[in-house]
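A short worksheet on the structure shown next.
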Amino acid sequence: MKGITLVLEDSGKFLRLNVHTEQVDSSPDAKQLIQLIKDSEHGKLFVLEDTLVKIQQDIHKAKENNSHREINERVAERRDAEVKFKLLDSDMLAELSLTSACGGANPNYPQLLKMARNADIKRGLSRKRLKIALQLAAIEPPGTQIKEVVAKGLPMRPGRNSRMLPLVPNALERILRPQEISVSRVDMRDLGDVICVKAGTPLLRRTPPSQGRTGFTVRGESLQPTPGEWQPLKPGSGTVVSPDDENLLLAEIAGMPKFNQGDMWVDETFVCKGVNVGTGNVNYDGAVIVNGDVTEKMIITAAGDVTINGFVESAIIQAGGDIIITQGAMGKQSENGRNEYSTKLSAQGSIHVQHGQGLDITCNGNVTVGKQLAHSLIVCRGSVTVGPIDNPNGNLFGCEIQCQGPIQAGTIGAVSGSNLFVDYSEGFNFLVERIDVMDEMLKQIQDNYYRHKGRMEIIKKKRLPSDLARKVNMAVKLYKSEEQLLAWVTKKVEELRKAKEQYQNIIGMSASKKLHAGVIVKLNNRTWKADRDYSRGRVHYFEHQWHFEPK
């Protein structure tokens, strides 16, 4: 550029710009001057842009006033790379900020490692990440800022509380997991021996709590974990703690063991070869095992599980635990045309039937069917699975279902067009009602809390007579209790809102083979109906609408 020259000082550190204003043809702007430096052999130096802006202004004034002069200023300098380490997240992370050199030198690996140590980074340093940052600094344009997390601490892991490990399976678990013939085959007809234990049989073992894992910060500070705690071993009915091992629970009586949410108990067991007019109805305060069929109009009532190794026809079975029917169950529909069936299965737990038709099923748990379920009424608080648990490939059609979990089967609906109706409204509305109640309670508690908080602040500022101290202390205790109650209710509201969101995510149905026309799924006023046959896929609820997604 005419009238403008670049001269490197003898030290080699600074670049000077020399301008003879009378020789400059026009007034260059700062961008042109910067580009001049970039295009020169000194293009890697750090450009002092503010100085170039001032030179631009001086040239313009000289031209305008015809007061030409020589301008000589430092406009660029050689800079080594700038390195900074920043500790983040309570010293659990260390971030490297490296600005690559402008005509100067980037640090080598030993220098960068030493800088990290000088920044008090003692543990968790990744040598690989340091090398990656140096490689980027070598190839990126001068002055590029590179940020990289180069060190991570290890969070402490709190100790795990002692756990209760059952040593015998529940009857329902045994049914859903047929006995293995070989590594790759199972026998669907061999469901193993009925789970009944003798007195003295080990049932449950309490494992010791763990100490947790010690962590550390990048500074090398140790983070001590909170050890786990011993959970109490509570012997349920029919069980006793071993006299030789305080962590082992034994059967006190012969019967059927049951494990649920950390509790183990043994139900006294009534065993018979069948239930018919010859044996009469069964009403037993324990578990019932029927090694045969249950015939028409018979009734079984049990406080524990009911296991039937046979067939059930037009009978009523009520259980305080699970109901397990290893063969099948069949009932007749009421002649008045209503959805009333002669076989009624009611359980506080879950219900398993190998195959069923014409059933009235009510339970608080899940419904599992081995092969096929047709023309039945199901009301449950869990899921409905037709087919093996790991591959639900059975048939489900002609049913009316109210449940609160996913429905899985191979074929859902039938070619005949018999409707299958699924309603998820009850479980959802129950959650909504609870949220509304808790929201109203939260609002009342918040209003009271903040009103009392304001009054407590006023009391703290006043000098009160000593005879009021006791009353003030009592008021402070009540205020603290109200604060704890507010925190508890707030947490419960958050949990209910998450449960509502989770409910909408899990509901729906999945067909691994086919979904026929006539299938209807409903959540309050949102309804989806299959107007044609679909290949395998799933129906799910998303953004307040039902959707079918092929697999």
Can any side-chain N or O of [X] pair as donor or acceptor with the backbone N or O of [Y] at less than 3.5 Å?
X	Y	result
S350	N366	yes
R213	P155	yes
N161	E229	yes
T307	I324	no
T201	A199	no
D91	V218	no
K529	D531	no

Between the side chains of [X] and [Y], is a donor N or O closer than 3.5 angstrom to an acceptor N or O?
X	Y	answer
S425	D423	yes
N524	N429	yes
E483	S481	no

Test salt bridge (Lys or Arg N to Asp or Glu O under 4.0 Å) on E495 and K492; report intermediate values, then the result. CA-CA 5 Å; E495 290 175 354; K492 286 297 178 185; 3.5 Å; yes
To the nearest 0.5 Å, how far apart are [atom1] in [X] and [atom2] in [Y]?
X	Y	atom1	atom2	result
R205	D245	CZ	CG	4.5 Å
Q404	L431	CD	CG	7.5 Å
Q348	T362	CD	OG1	10.5 Å
R526	F428	CZ	CZ	10.5 Å
R538	F548	CZ	CZ	10.5 Å
T226	Q211	OG1	CD	10.5 Å

Side chains of [X] and [Y]: does their closest heavy-atom pair fall under 4.5 Å?
X	Y	answer
K297	S314	no
K498	E501	no
V422	I407	yes
V275	I308	no

Would you indicate whether E296, at its atom CD, is surrounded by more than 12 heavy atoms from other residues, nucleotides or ligands within a distance under 6.0 Å? yes
Tell me whether the count of non-hydrogen atoms from other residues, nucleotides or ligands lying under 6.0 Å of CD in E246 goes above 12. no
Quick check on side-chain contact (heavy atoms from CB on, under 4.5 Å): which of L203, L248, L249 does L167 satisfy it with? L248
Do NZ/NE/NH1/NH2 and the carboxylate oxygens of [X] and [Y] come within less than 4.0 Å?
X	Y	value
K234	D263	no
R497	D439	yes
D447	R451	no

Working for side-chain hydrogen bond (donor to acceptor under 3.5 Å, both in side chains), residues S510 and K551: CA-CA 9 Å; S510 178; K551 290 185 179 179; 2.6 Å; yes
Testing the basics here: between [X] and [Y], what is the closest heavy-atom pair and its distance to 0.1 Å?
X	Y	value
Q318	V306	O-CG2, 4.2 Å
G310	I325	O-CG2, 3.8 Å
V353	A329	CG1-N, 3.9 Å
L359	M330	CD2-N, 3.9 Å
G286	A302	O-CB, 3.4 Å
R157	P225	O-CB, 3.4 Å

Using 30° and 60° as the class boundaries, would you call the ring planes of H375 and F397 parallel, tilted or perpendicular? perpendicular
Taking the inter-plane angle between the rings of Y503 and Y424 on a 0 to 90° scale, is it parallel (under 30°), tilted (30 to 60°) or perpendicular (over 60°)? perpendicular
Passes ring-ring contact (aromatic ring centres under 6.0 Å, His included), Y541 versus H547? Steps please. CA-CA 6 Å; Y541 193 78; H547 304 271; 8.1 Å; no
Ring centre gap for W528 and F421 strictly below 6.0 Å: no
